[in-house]
2 protein chains.
Amino acid sequence: MKIGELAKLTGCSVQTIRYYEKEQLLPSTRRSEDNFRLYDEASAEQLLFIKLCRGLDLSLSEIRQLLALKCSPGAQCDEVNRMMEAHIQQVEARIRELTQLHEQLRALRGHCSNQRTVEQCGILQTLSSNQN
Amino acid sequence: MKIGELAKLTGCSVQTIRYYEKEQLLPSTRRSEDNFRLYDEASAEQLLFIKLCRGLDLSLSEIRQLLALKCSPGAQCDEVNRMMEAHIQQVEARIRELTQLHEQLRALRGHCSNQRTVEQCGILQTLSSNQN
DNA sequence: GCTTGACTCTATAGTAACTATAGAGATTAA
DNA sequence: TTAATCTCTATAGTTACTATAGAGTCAAGC
């Protein structure tokens with residue numbers, strides 16, 4: 001199948017597919033006589049794997065590592081576990097950061113109500129005080 | 001004071017200060033005879049304001065708007081309130097996303113323990129199944 | 001036979017908010 | 001005099017795409 005068909009099948013954009021090839025997440029495929037890329041079932045599966053990983057917010061470089069590991073099925077899978085663990089901790093850290101941030105923003109919002117002038121605005125006053 | 005001093009005083013890097021000037025968050029300052037940027041107390045205050053806003057994850061473009069508003073003290077401050085509200089909702093949405101993601105990642109982690117081969121790895125198997 | 005639209009290709013630039021580097025000039029201390 | 005430290009400008013790199021330009025190919029419809 002050609003790239004457009006693969007795109008429709010997987011829900012990735014045509015540009016994204018070409019980008020993944022350039023970034024070595026998808027192998028360079030054979031080409032038709034007119035130099036069009038030709039894909040098969042295996043291409044679609046690999047692309048869906050990538051898409052699933054991206055949905056878990058894994059970086060392209062992490063996904064590259066996973067793909068490499070998939071190619072040596074006899075190896076220990078500790079690295080996969082380690083990567084997941086690290087990723088989970090990153091997500092947890094980010095959630096903690098954002099939760100704190102949310103608290104600060106809510107406190108800040110409480111400093112002003114509508115119908116004031118900029119000069120009286122409790123939010124701007126707080127931000128201008130250089131406290132905290 | 002020169003740029004290095006301002007950097008030390010505010011905890012911003014020298015490049016960041018120059019970048020903010022280029023992005024119009026800081027005004028172009030007067031220069032010394034040798035073409036060095038010269039700053040005063042007001043510069044430091046504005047930079048700290050920016051830094052505080054960045055700490056709240058406000059974008060440079062949002063900060064630019066806030067700075068513009070600060071310059072018309074008689075105006076209504078509704079826009080400040082609206083911006084904060086929108087920002088808070090963004091943060092809340094991101095927290096929800098990450099929390100869901102965290103669930104998925106934890107479930108995935110449960111599929112594999114160490115000491116397996118890549119072939120048996122429950123994580124890779126799950127990711128390869130193209131379910132979900 | 002010709003035009004139009006839909007598809008493909010490559011290469012390049014833009015996004016956000018910096019960070020890092022190169023190459024040059026000026027000042028200060030030893 | 002030399003070396004270190006500061007400043008300047010301009011440019012490239014980061015991430016994961018997305019958008020665009022410009023060119024070629026193919027099929028359908030007139």
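We use all heavy atoms of the structure for the numbers below, so side chains are in, but hydrogens, waters and symmetry mates are not. Letters go in sequence order (proteins before strands), and every chain restarts at 1.
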Are any of A:Thr16's side-chain N or O atoms less than 4.0 Å away from OP1 or OP2 of D:dT18?
yes

CD of B:Gln15 versus P of D:dC6: gap in Å, rounded?
13 Å

Can you check the A:Leu38 CG to C:dC7 P distance for me, whole Å?
16 Å

Taking protein heavy atoms under 4.0 Å as touching, what does nucleotides 23-30 of chain C look like 5' to 3' if B marks base contact, S marks sugar-phosphate-only contact and - marks none?
---SS---

Kindly say if B:Ser59 contacts the phosphate of C:dA16, meaning a side-chain N or O under 4.0 Å from OP1 or OP2.
no

I need the CG-C1' distance between A:Asn35 and D:dG24, as an integer number of Å.
10 Å

In this structure, how many angstroms lie between the C1' atom of D:dT7 and the CE atom of B:Met1, rounded?
16 Å

Hits for side chain to side chain contact (heavy atoms under 4.5 Å, CB included) against B:Ser28, two or more places apart or cross-chain, chain-then-number order -> B:Glu21

Check the surroundings of atom CD in B:Gln24: do more than 12 heavy atoms from other residues, nucleotides or ligands lie under 6.0 Å from it?
no

On the nucleotide C:dT10, are OP1 or OP2 found under 4.0 Å from the side-chain N or O atoms that A:Arg18 carries?
no

Are there over 12 heavy-atom neighbours, none belonging to A:Arg30, within less than 6.0 Å of that residue's CZ?
no

Report the nucleotide, chosen from D:dT7, D:dT9, D:dA16, that has the shortest atom-to-atom distance to any side-chain atom of A:Arg54.
D:dA16

Regarding A:Ser32, tell me which of base, sugar-phosphate or nothing describes its non-hydrogen contacts under 4.0 Å with the strands shown.
nothing

Reported SG-to-CZ distance for the pair A:Cys12 and A:Arg18, which is rounded to 0.5 angstrom
13.0 Å

Starting from C1' on C:dA17, measure out to CD1 on B:Ile50 and report it in whole angstrom.
13 Å

Using five pairs at each end of the helix from C:dG1-D:dC30 to C:dA30-D:dT1 to define an axis, what is the angle between those two axes, to 10°?
30°

From CD of A:Glu23 across to C1' of D:dC17 the rounded distance in Å is 10 Å

Group every Ile, Leu, Val, Met, Phe, Trp and Tyr by side-chain heavy-atom contacts under 4.5 Å, then state whether B:Leu6 and B:Phe36 land in the same group.
no

Remember a base hit wins even if backbone is also touched, and classify A:Ser61 as base, sugar-phosphate or nothing at under 4.0 Å, heavy atoms.
nothing

Respond yes when some side-chain nitrogen or oxygen of A:Arg64 is under 4.0 Å from OP1 or OP2 of D:dA16, and no when none is.
no

Distance check: side-chain N/O of A:Tyr19 vs OP1/OP2 of D:dT15, anything under 4.0 Å?
no

A:Glu119, CD: over 12 other non-hydrogen atoms inside 6.0 angstrom
no

Side-chain atoms of B:Leu60 come closest, of C:dC9, C:dA17, D:dA16, to C:dA17

Rounded to whole Å, the CG-C1' distance (A:Asp57 to D:dT15) equals 12 Å

Taking only Lys NZ, Arg NE, NH1 and NH2, and the carboxylate oxygens of Asp or Glu, determine whether A:Arg94 and B:Asp57 approach each other closer than 4.0 Å.
yes

Atom CD of B:Glu85: over 12 foreign heavy atoms under 6.0 Å:
yes

For atom CZ of A:Arg37 and atom C1' of C:dT10, their distance in whole Å:
9 Å

Answer yes if the side chains of B:His111 and B:Gln125 hold a donor-acceptor pair under 3.5 Å, and no otherwise.
no

Measure from NZ or CZ of B:Lys70 to the centre of the six-membered ring of B:Phe49, then state whether that distance is under 6.0 Å and the direction lies within 45° of the axis.
yes

